[in-house]
K.L.:
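Below is the structure I would like to discuss, written out as structure tokens.
Below, all heavy atoms of this structure are taken into account, side chains as well, without hydrogens, waters or symmetry copies. Every chain is numbered from 1, with letters handed out A, B, ... down the list of sequences.
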Protein chains: 4
Amino acid sequence: MALNGKHSPVKEAVSRRIAESLRSKILSGSLQPGQRIRQEILAEEFGASRLPVRAALSILESDGLVTLVPTPAHGR
Amino acid sequence: MALNGKHSPVKEAVSRRIAESLRSKILSGSLQPGQRIRQEILAEEFGASRLPVRAALSILESDGLVTLVPTPAHGR
Amino acid sequence: MALNGKHSPVKEAVSRRIAESLRSKILSGSLQPGQRIRQEILAEEFGASRLPVRAALSILESDGLVTLVPTPAHGR
Amino acid sequence: MALNGKHSPVKEAVSRRIAESLRSKILSGSLQPGQRIRQEILAEEFGASRLPVRAALSILESDGLVTLVPTPAHGR
DNA sequence: GTGGTCTAGACCACA
DNA sequence: GTGGTCTAGACCACT
């Protein structure tokens, strides 16, 4: 029952919003296995900062929908 | 022999040891992008359980050396 | 009675349950900034171990609802 | 033995550099308990992105030098 | 089978 | 004492 005065509860919903969207894309096959997920890109697509994006990925990792893999090409 | 028994002053952390090892392998190119990392294998190699292995991956993720991707599908 | 016994389809996660609860308390102002959070207490309140509690805090950190600060010194 | 060609090994040292710096400040008392740590500020101070900052904080958390506390004032 | 998650129990360092 | 960390063992969902 958080009030709107100082901090909008809307903000936290963002992470779940992003999570749900990604969930759909993954389950529907839009996002292939091994497919890089650019946090910055996602952030921009959802008009959010990278914080909720990270939160969303955390959630999806909990669901086993995303996994950690090496990213040697960090020069790219 | 389930307990640790010893510690270093303020810098124990099996996870960091594992993280450093993986870091080297990634930077040296031993681990390719999208390369599956068998957590159990790593755990055995380091004589540790899976917990510190996951912790190590988290650290590397913070460093941008590993990335979250749609569940790579085990067999591929 | 150490085992879980049951699960929800694809969205279990004791950690998320805890995270949501804490999220509410923070947004509602029940938890003040810099307020110590006793992990053991939380664990007991939720009938869980300390592991999911820490996981929940991680999630909230991704959401920017909790922050890392220099070890608050227990007694203060 | 990472080569300098594509990715500079210097980059990862950054997180440790930051970690060591913060460690000193905390132990010397420059950073008080409960003191907020602004990841963005740190990032700028070290001329780095927020990724190595997060990595540094992860390391310090492993050392028990920083802890997670609520940040209700996210409207500030 | 593999990853992700959790319990329960135990240890150390710091305050 | 408290937090942070680890082991060992076990369960489920998805591939």
Side-chain angles (χ1 to χ4, degrees), chain A residues 23 26-27 29 32-34 57-69, chain B residues 1-19 36-44 46-59 68-76, chain C residues 1-19 36-44 46-59 68-76, chain D residues 23 26-27 29 33 57-69:
Chain A
R23 190 196 303 275
I26 294 175
L27 293 179
Q32 297 296 330
L57 291 178
S58 290
I59 293 174
L60 294 179
E61 199 210 354
S62 296
D63 284 333
L65 288 176
V66 296
T67 312
L68 285 166
V69 301
Chain B
M1 206 184 290
L3 304 181
N4 235 337
K6 230 191 76 178
H7 246 191
S8 294
V10 80
K11 48 200 333 304
E12 14 73 50
V14 175
S15 26
R16 223 170 309 168
R17 201 179 181 76
I18 299 177
R36 282 299 302 287
I37 301 180
R38 303 287 174 138
Q39 303 182 353
E40 288 190 355
I41 304 300
L42 290 177
E44 285 200 18
F46 287 95
S49 71
R50 277 163 59 193
L51 218 162
V53 170
R54 287 187 64 78
L57 291 177
S58 289
I59 293 176
L68 285 164
V69 301
T71 101
H74 322 145
R76 206 208 165 250
Chain C
M1 205 182 291
L3 304 181
N4 235 337
K6 229 192 76 177
H7 247 190
S8 292
V10 80
K11 46 198 338 303
E12 16 72 48
V14 175
S15 27
R16 222 171 308 170
R17 202 178 181 77
I18 300 177
R36 283 298 302 287
I37 301 179
R38 303 288 174 139
Q39 302 182 352
E40 288 189 356
I41 304 299
L42 290 177
E44 285 200 18
F46 287 95
S49 70
R50 279 163 57 194
L51 219 163
V53 171
R54 289 188 62 80
L57 290 178
S58 289
I59 292 175
L68 285 165
V69 301
T71 101
H74 322 144
R76 204 205 169 254
Chain D
R23 189 195 303 274
I26 293 175
L27 293 179
L57 291 178
S58 290
I59 292 175
L60 293 179
E61 199 210 354
S62 297
D63 284 335
L65 289 177
V66 296
T67 312
L68 284 166
V69 301

K.L.:
Write down the distance between CD1 (C/I37) and P (F/dG4), rounded to a whole number of angstrom.
P.N.:
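Atom CD1 in C/I37 sits about 11 Å away from atom P in F/dG4.
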
K.L.:
Can you tell me how far the OG1 atom of A/T67 sits from the CG atom of A/L60, to the nearest 0.5 Å?
P.N.:
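Rounded to the nearest 0.5 Å, the OG1-CG separation comes out at 10.5 Å.
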
K.L.:
Categorize B/I41 for me: base, sugar-phosphate, or nothing, with a 4.0 angstrom heavy-atom threshold over every strand shown.
P.N.:
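It contacts nothing in the nucleic acid.
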
K.L.:
Atom CZ of B/R17 to atom C1' of F/dC6: distance rounded to whole Å?
P.N.:
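One finds 15 Å between C1' of F/dC6 and CZ of B/R17, rounded.
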
K.L.:
So do the side chains of C/I37 and D/L68 get within less than 4.5 Å of each other, counting heavy atoms only?
P.N.:
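Answer no - side chains too far apart.
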
K.L.:
Whole angstroms only, please: what is the CG-C1' distance between D/L65 and E/dA15?
P.N.:
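So the CG-C1' distance, D/L65 to E/dA15, works out to 12 Å.
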
K.L.:
Looking at the side chain of B/A48, which of E/dT5, F/dT7, E/dT7 is the nearest nucleotide?
P.N.:
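Given the options E/dT5, F/dT7, E/dT7, the side chain of B/A48 is closest to F/dT7.
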
K.L.:
Please name all residues satisfying side-chain hydrogen bond (donor to acceptor under 3.5 Å, both in side chains) with C/Q39, sequence neighbours left out, ordered by chain then number.
P.N.:
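side-chain hydrogen bond (donor to acceptor under 3.5 Å, both in side chains) list for C/Q39, sorted by chain: empty.
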
K.L.:
Nearest to the C/R36 side chain among F/dT7, F/dG3, E/dT5, which nucleotide is it?
P.N.:
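Per side-chain heavy atoms of C/R36, the pick is F/dG3.
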
K.L.:
Quick one: closest heavy-atom pair of C/S15 and C/P52, and the distance?
P.N.:
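Looking at all heavy atoms of both residues, the shortest contact is CB-O, 3.5 Å.
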
K.L.:
Between E/dG4 atom P and A/L68 atom CG, what is the distance in whole Å?
P.N.:
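After rounding, the reported distance stands at 7 Å.
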
K.L.:
Determine the minimum heavy-atom distance between B/V14 and B/A48, stating which atoms define it.
P.N.:
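For B/V14 and B/A48, the tightest heavy-atom pair comes out as CG1-CB, 4.0 Å.
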
K.L.:
Could you give the CD-to-C1' distance, from C/E40 to F/dG4, as a whole number of Å?
P.N.:
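C/E40 atom CD is separated from F/dG4 atom C1' by 12 Å.
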
K.L.:
Does OP1 or OP2 of F/dT5 have a side-chain N or O of B/S15 closer than 4.0 Å?
P.N.:
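No, B/S15 has no side-chain N/O under 4.0 Å of OP1/OP2 on F/dT5.
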
K.L.:
Return the value, rounded to whole Å, for the distance between atom CZ of B/R50 and atom P of F/dT5.
P.N.:
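That distance rounds to 18 Å.
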
K.L.:
In whole angstroms, how far is the C1' atom of E/dG4 from the CG atom of B/L42?
P.N.:
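My rounded result for the distance is 16 Å.
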
K.L.:
In dot-bracket form, 5' to 3', how is DNA chain E paired? Count Watson-Crick and G-U wobble pairs only if both distances fall under 3.5 Å, and write | where the partner sits on another strand.
P.N.:
||||||||||||||.

K.L.:
By side-chain contact (heavy atoms from CB on, under 4.5 Å), which residues pair with C/S58, not counting sequence neighbours?
P.N.:
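Testing C/S58 for side-chain contact (heavy atoms from CB on, under 4.5 Å), a comparison that skips the adjacent residues, returns none.
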
K.L.:
Determine, step by step, whether D/L65 and D/L27 satisfy the side chain to side chain contact (heavy atoms under 4.5 Å, CB included) criterion, reporting the C-alpha distance in whole Å, the side-chain angles of both residues, the deciding distance to 0.1 Å, and the verdict.
P.N.:
CA-CA 8 Å; D/L65 289 177; D/L27 293 179; 3.9 Å; yes

K.L.:
Are OP1 or OP2 of E/dG4 and a side-chain N or O of B/Q39 less than 4.0 angstrom apart?
P.N.:
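Yes, because at least one side-chain N or O of B/Q39 sits under 4.0 Å from OP1 or OP2 of E/dG4.
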
K.L.:
Counting distance alone, no hydrogens or angles: does the base of E/dG3 have a donor or acceptor under 3.5 Å from a partner atom on the side chain of B/R38?
P.N.:
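Side chain to base: no pair below 3.5 Å.
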
K.L.:
With sequence neighbours excluded, what pairs up with B/A43 under the side-chain contact (heavy atoms from CB on, under 4.5 Å) test?
P.N.:
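Partners of B/A43 by the side-chain contact (heavy atoms from CB on, under 4.5 Å) criterion, ordered by chain and then number, come out as B/R50, B/V53.
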
K.L.:
In whole angstroms, how far is the P atom of E/dC6 from the CD atom of A/E61?
P.N.:
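Rounding to the nearest Å, CD of A/E61 and P of E/dC6 are 11 Å apart.
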
K.L.:
How far apart are the C-alpha atoms of A/D63 and C/R16, what are their side-chain angles, what is the distance that settles it, and do they pass the side chain to side chain contact (heavy atoms under 4.5 Å, CB included) test?
P.N.:
CA-CA 11 Å; A/D63 284 333; C/R16 222 171 308 170; 3.0 Å; yes

K.L.:
When you measure from every atom of DNA chain E, which of residues 51-58 of chain C have a heavy atom less than 4.0 Å away?
P.N.:
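Output list: C/L51, C/P52.
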
